[in-house]
Amino acid sequence: MYDFIIGKIENKESDSLVVLNNGIGYKILASKSTLLDLELGDTSKIYINMVVREDDISLYGFSSTKEREVYKLLTTVRGIGPKVAIGVLSGITIDSLILAIRNSDINLLTTAPGVGKKTAERIILELKDKTEHIPVEAVMGIQVGKGILQEAEEALVSLGYSSYEVLDVLESVYSEGMSIEQLIREGLKQMTR
């Protein structure tokens, strides 16, 4: 069992990367957040989860142990395999995902690829107690809970954007006293440029 790999990021694709370590290129499947965290050409430490199947051995990589822990929890839910778990982590930030589970936010969970209403309900039911110990940082610079930035993020995610696409945009256009409508409108302007 591998815990992590340290190597040079040789190649990045939309759902994977290749890490060069001791002359071997390891193809590692990864979420969008991990891919955004890692720069091409840099030497990086990637936390690994190895999945062995009858006809396949795959490596899944994460830029943090927290993301790997949430991935492993997701794969314990009936109907969620490694690829769907990576898809969920690609569509929703880790902290937003944990808050959605804790707050029983089915709407946010169903924005992730491969997650329908029944799967979202199972995720909440099976993981609500298991995520209590995971620390959650303030979402987009606001206190934990429903705030204007989080609501705007959820609105844009429901339009088909991933939360990683909108996080930076919303923070850059937000100013004190903005209404949710103004924030969404400004965010959309930036996203469509």
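Quick note: numbers below take in every heavy atom, side chains included, and nothing from hydrogens, waters or symmetry partners.
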Asker: Under 3.5 Å, is there a donor-acceptor pair between the D95 and T93 side chains?
Answerer: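 Distance-only check fails for D95 and T93.
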Asker: Linking I/L/V/M/F/W/Y whenever their side-chain heavy atoms sit closer than 4.5 Å, directly or via other members, would M50 and I46 fall into one cluster?
Answerer: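 Yes; I46 is reachable from M50 via cluster members.
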Asker: Is there a donor-acceptor pair closer than 3.5 Å between any side-chain N or O of S31 and the backbone N or O of I86?
Answerer: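 Such a contact is absent between S31 side chain and I86 backbone.
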Asker: I need the full list of ring-ring contact (aromatic ring centres under 6.0 Å, His included) pairs touching residues 25-48, with sequence neighbours left out, sorted by first then second residue.
Answerer: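 Matches after skipping sequence neighbours: none remain.
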Asker: Atom CG of L108 and atom CG of N103: how far apart are they, to the nearest 0.5 Å?
Answerer: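 It is 10.0 Å, given to the nearest 0.5 Å.
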Asker: Could you tell me whether a side-chain N or O of S90 sits under 3.5 Å from a main-chain N or O of K32, the two making a donor and an acceptor?
Answerer: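 Indeed, once roles are kept as given, a pair shorter than 3.5 Å links the two residues.
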Asker: For Y60, which residues count as a ring pair (Phe, Tyr, Trp, His ring centres under 6.0 Å) partner, sequence neighbours excluded?
Answerer: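 Ring pair (Phe, Tyr, Trp, His ring centres under 6.0 Å) list for Y60, sorted by chain: Y71.
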Asker: Got a sec, which residues hit side-chain hydrogen bond (donor to acceptor under 3.5 Å, both in side chains) with T75, two or more places apart in sequence or on another chain?
Answerer: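 For T75 there are no side-chain hydrogen bond (donor to acceptor under 3.5 Å, both in side chains) partners, ignoring immediate neighbours.
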Asker: Mind checking what makes salt bridge (charged side-chain N to carboxylate O under 4.0 Å, His left out) contact with E69, not counting sequence neighbours?
Answerer: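 Salt bridge (charged side-chain N to carboxylate O under 4.0 Å, His left out) list for E69, sorted by chain: empty.
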Asker: With salt bridge (charged side-chain N to carboxylate O under 4.0 Å, His left out) as the rule and sequence neighbours excluded, what pairs involving residues 39-49 come up?
Answerer: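 For residues 39-49: none.
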Asker: For S63 and T34, work out which heavy atoms get closest and say how close.
Answerer: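 Scanning both residues completely, I find the closest heavy atoms to be N-OG1, 3.2 Å.
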Asker: Suppose we screen for salt bridge (charged side-chain N to carboxylate O under 4.0 Å, His left out). Which residues come up paired with D3, at least two apart in sequence or across chains?
Answerer: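 D3 satisfies salt bridge (charged side-chain N to carboxylate O under 4.0 Å, His left out) with R68 once adjacent residues are dropped.
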Asker: Check whether R122 reaches the backbone of V77 with its side chain - one donor and one acceptor, N or O, closer than 3.5 Å.
Answerer: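 Such a contact is absent between R122 side chain and V77 backbone.
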Asker: Quick one: pull up OG1 in T119 and CG in L109 and give me the separation to the nearest 0.5 Å.
Answerer: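 It comes to 10.0 Å.
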Asker: Kindly indicate whether the side chain of I134, heavy atoms from C-beta on, has any atom under 4.5 Å from the side chain of I94.
Answerer: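 Sidechains of I94 and I134: no contact.
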Asker: Between CD1 of I124 and CG of D105, what distance do you get to the nearest 0.5 Å?
Answerer: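 Rounded to the nearest 0.5 Å, the CD1-CG separation comes to 7.0 Å.
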Asker: Among pairs that include at least one residue of residues 7-21, which meet salt bridge (charged side-chain N to carboxylate O under 4.0 Å, His left out), considering only residues two or more places apart or in two chains?
Answerer: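 Qualifying pairs: K8-E10.
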Asker: Among residues at least two apart in sequence or on other chains, which ones pass side-chain contact (heavy atoms from CB on, under 4.5 Å) with V173?
Answerer: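 Scan of V173 (side-chain contact (heavy atoms from CB on, under 4.5 Å), adjacent residues dropped) gives L183, E186, Q190.
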Asker: Please round to the nearest 0.5 Å and tell me the distance separating atom OG1 of T131 and atom CD1 of I101.
Answerer: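 Between atom OG1 of T131 and atom CD1 of I101 there are 5.0 Å.
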Asker: What ring-ring contact (aromatic ring centres under 6.0 Å, His included) pairs are there with at least one residue in residues 78-103, not counting sequence neighbours?
Answerer: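 Not a single pair qualifies under ring-ring contact (aromatic ring centres under 6.0 Å, His included).
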Asker: What's the shortest heavy-atom distance between S58 and L29, and which atoms?
Answerer: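 In this case the closest contact between S58 and L29 is CB-CD1, 4.3 Å.
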Asker: What residues, two or more places apart in sequence or in another chain, satisfy side-chain contact (heavy atoms from CB on, under 4.5 Å) together with D129?
Answerer: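 Checked D129 against side-chain contact (heavy atoms from CB on, under 4.5 Å); zero matches.
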Asker: Between K128 and E132, which heavy-atom pair has the shortest distance, and what is it?
Answerer: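 Residues K128 and E132, closest heavy atoms: O-OE2, 3.3 Å.
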Asker: Compare every heavy atom of S33 with every heavy atom of E67, then report the nearest pair and how far apart it is.
Answerer: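 The answer is OE2-OG, 2.9 Å.
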Asker: Salt bridge (charged side-chain N to carboxylate O under 4.0 Å, His left out) with K130: which residues, sequence neighbours excluded?
Answerer: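 K130 satisfies salt bridge (charged side-chain N to carboxylate O under 4.0 Å, His left out) with no other residue.
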Asker: Which residue pairs pass the ring-ring contact (aromatic ring centres under 6.0 Å, His included) test when at least one of the two sits in residues 98-118, sequence neighbours left out?
Answerer: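 Not a single pair qualifies under ring-ring contact (aromatic ring centres under 6.0 Å, His included).
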Asker: So which atom in G91 and which in P113 form the shortest heavy-atom distance, rounded to 0.1 Å?
Answerer: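 Taking G91 first and P113 second, the nearest heavy atoms are CA-CD, 4.4 Å.
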Asker: Are V51 and L73 connected into the same hydrophobic cluster when the rule is that any two of I, L, V, M, F, W, Y join if their side-chain heavy atoms are below 4.5 Å apart?
Answerer: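 Yes, L73 connects to V51 through the hydrophobic network.
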Asker: Please round to the nearest 0.5 Å and tell me the distance separating atom CD1 of I80 and atom CD of E126.
Answerer: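 So the gap between those two atoms works out to 8.0 Å.
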Asker: Where is the tightest heavy-atom contact between G7 and V19, given as atom of each residue plus distance?
Answerer: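 Heavy-atom minimum between the residues: CA-CG1, 3.5 Å.
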Asker: Supply the atom-to-atom distance L20 CG to I9 CD1, rounded to the nearest 0.5 angstrom.
Answerer: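 Result: 10.0 Å between the selected atoms.
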